[in-house]
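Treat the numbers as computed from the prediction; the structure is a model and nothing was measured.
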Number of protein chains: 2
Amino acid sequence: MVHHQFAALGDPTRLAIVERLARGPTSAGDLAAPTTLSLPAVLKHVRVLEEAGLVTTVKRGRVRECRLRDDALVAVATWTAQQQALWSTRLDALGTLLEDT
Amino acid sequence: MVHHQFAALGDPTRLAIVERLARGPTSAGDLAAPTTLSLPAVLKHVRVLEEAGLVTTVKRGRVRECRLRDDALVAVATWTAQQQALWSTRLDALGTLLEDT
DNA sequence: CTGATGGTGAACCATATGGTTTACTGTTCC
DNA sequence: GGAACAGTAAACCATATGGTTCACCATCAG
């Protein structure tokens with residue numbers, strides 16, 4: 001169900017969160033700090049990313065640590081590669097067809 | 001602005017359209033046929049894909065031919081690779097750090 | 001010419017989404 | 001214990017989204 005991941009990454013705020021998290025884990029508060037959004041808003045986004053299987057969070061004391069899942073983007077990467085492969089082989093087939101005629 | 005592409009691919013109907021189109025171009029009607037949706041609905045989705053730079057369409061006579069752009073998925077692929085690279089090098093760094101201590 | 005076909009535009013509708021504020025809980029620190 | 005802090009839950013709001021139907025236009029086939 002890769003479209004969940006795409007949908008999650010489709011929001012600019014969430015995309016930024018993932019980019020941030022790719023540099024290393026942080027607290028929810030630190031994710032909110034650079035933005036103009038409220039903490040609750042950011043936390044909602046984090047939840048969406050969690051449900052899409054892109055992010056995991058743990059609560060340590062009163063702070064919630066967010067980290068990118070190791071396997072976060074493999075589904076996206078493989079889907080993309082697959083479609084590109086399909087499309088390019090089709091283009092190749094068309095190319096050789098044109099050569100032959 | 002890769003989040004436009006992600007957003008476009010985030011809808012299951014549109015994802016299916018792209019997968020269909022990766023096998024080769026078709027008319028809008030042919031895209032709608034296998035679904036339960038109305039033609040106008042499908043055409044709206046095609047427009048979204050067009051604006052995201054994933055698909056191009058031309059009108060031939062009374063039928064609109066839709067095809068996947070050759071460079072449709074490169075932005076998605078490169079973004080994904082980039083983030084994976086960042087994240088994995090960070091994991092590596094952590095690994096060697098743990099080894100050293 | 002006429003009828004059927006493929007697509008388009010517009011109006012409309014229900015629901016999902018992204019955001020807010022406010023009040024509350026649980027931790028940490030002095 | 002009490003103040004400040006990080007997060008959470010809930011209620012609420014505006015707008016975006018995904019869908020419909022209906023009327024209409026343009027093209028192809030007979």
Side-chain angles (χ1 to χ4, degrees), chain A residues 1-21 23-69 72 76, chain B residues 1-21 23-69 72 76:
Chain A
M1 305 305 172
V2 75
H3 76 264
H4 282 76
Q5 268 128 327
F6 281 129
L9 297 171
D11 178 89
T13 310
R14 285 192 297 262
L15 193 71
I17 290 180
V18 169
E19 288 172 347
R20 172 63 237 284
L21 254 32
R23 264 92 179 176
T26 32
S27 69
D30 283 0
L31 285 178
T35 76
T36 71
L37 291 80
S38 63
L39 225 211
V42 170
L43 245 81
K44 276 204 216 172
H45 284 298
V46 171
R47 286 283 150 81
V48 174
L49 290 169
E50 246 182 309
E51 270 155 32
L54 296 173
V55 160
T56 58
T57 73
V58 234
K59 192 143 181 195
R60 290 229 163 76
R62 64 181 167 180
V63 20
R64 175 167 298 272
E65 186 178 281
C66 310
R67 77 165 48 228
L68 195 59
R69 284 187 54 161
V76 169
Chain B
M1 305 303 177
V2 74
H3 77 262
H4 282 73
Q5 269 128 325
F6 282 129
L9 297 171
D11 179 271
T13 311
R14 285 193 297 261
L15 194 71
I17 291 180
V18 169
E19 286 171 350
R20 171 65 237 283
L21 254 31
R23 266 93 179 174
T26 32
S27 70
D30 283 0
L31 285 178
T35 76
T36 71
L37 292 80
S38 63
L39 224 212
V42 171
L43 243 75
K44 276 203 216 173
H45 283 299
V46 171
R47 286 285 149 82
V48 174
L49 290 169
E50 248 182 309
E51 270 155 31
L54 296 173
V55 160
T56 59
T57 73
V58 232
K59 192 142 184 197
R60 288 225 162 76
R62 65 180 166 181
V63 24
R64 176 167 297 274
E65 186 179 280
C66 310
R67 78 165 45 227
L68 195 59
R69 284 188 53 160
V76 169

If you take all heavy atoms of B:L37 and B:T35, which pair is closest and at what distance? N-OG1, 3.1 Å
Measure from the side chain of A:D11, starting at C-beta and using heavy atoms only, and say which of D:dG7, C:dG18, C:dG7 lies closest. C:dG18
Give B:A41 one of three labels, base, sugar-phosphate or nothing, depending on what nucleic acid heavy atoms sit under 4.0 Å from its own. base
Among C:dG7, C:dG19, D:dG19, find the nucleotide with the atom closest to the side chain of A:L37. C:dG19
Kindly check if the number of other-residue, nucleotide or ligand heavy atoms within 6.0 Å of NE2 (B:H3) is above 12? yes
Strand contacts (DNA chain D) in residues 47-62 of chain A, 4.0 angstrom heavy-atom criterion: A:R47, A:K59, A:R62
Taking only the side-chain heavy atoms of A:S27 (C-beta and beyond), determine which of D:dG19, D:dG7, C:dT22 contains the nearest atom. D:dG7
Residues B:A8 and B:A52: closest non-hydrogen pair is CB-CB, 3.7 Å
Heavy-atom distance under 4.5 Å between the side chains of B:R47 and B:E50, does that happen here? yes
Which of these, B:I17, B:L68, B:T56, B:L21, sits in a side chain to side chain contact (heavy atoms under 4.5 Å, CB included) with B:L49? B:I17
Could you tell me the separation between the CZ atom of A:R67 and the OG1 atom of A:T57, rounded to the nearest 0.5 Å? 11.0 Å
Residue pair B:L31 / B:C66: nearest heavy atoms and the distance that separates them: CD1-SG, 4.0 Å
Rounded interatomic separation in angstrom, taking CG from A:L39 and P from C:dG18: 18 Å
What integer distance in Å separates A:K44:NZ from C:dG18:P? 9 Å
Can you sort out the partners of B:S27 under side chain to side chain contact (heavy atoms under 4.5 Å, CB included), two or more places apart, ordered by chain and number? B:D30, B:V63
Any side-chain N or O of B:H45 under 4.0 Å from OP1/OP2 of D:dT17? no
Stepwise, does the side-chain contact (heavy atoms from CB on, under 4.5 Å) test hold for B:V2 with B:Q5? CA-CA 5 Å; B:V2 74; B:Q5 269 128 325; 4.0 Å; yes
Kindly state which residues belonging to residues 2-10 of chain A come within less than 4.0 angstrom of DNA chain C, counting heavy atoms of the residue only, listed by number. none
Round to a whole Å and report the spacing from CD of B:E65 to P of C:dG6. 15 Å
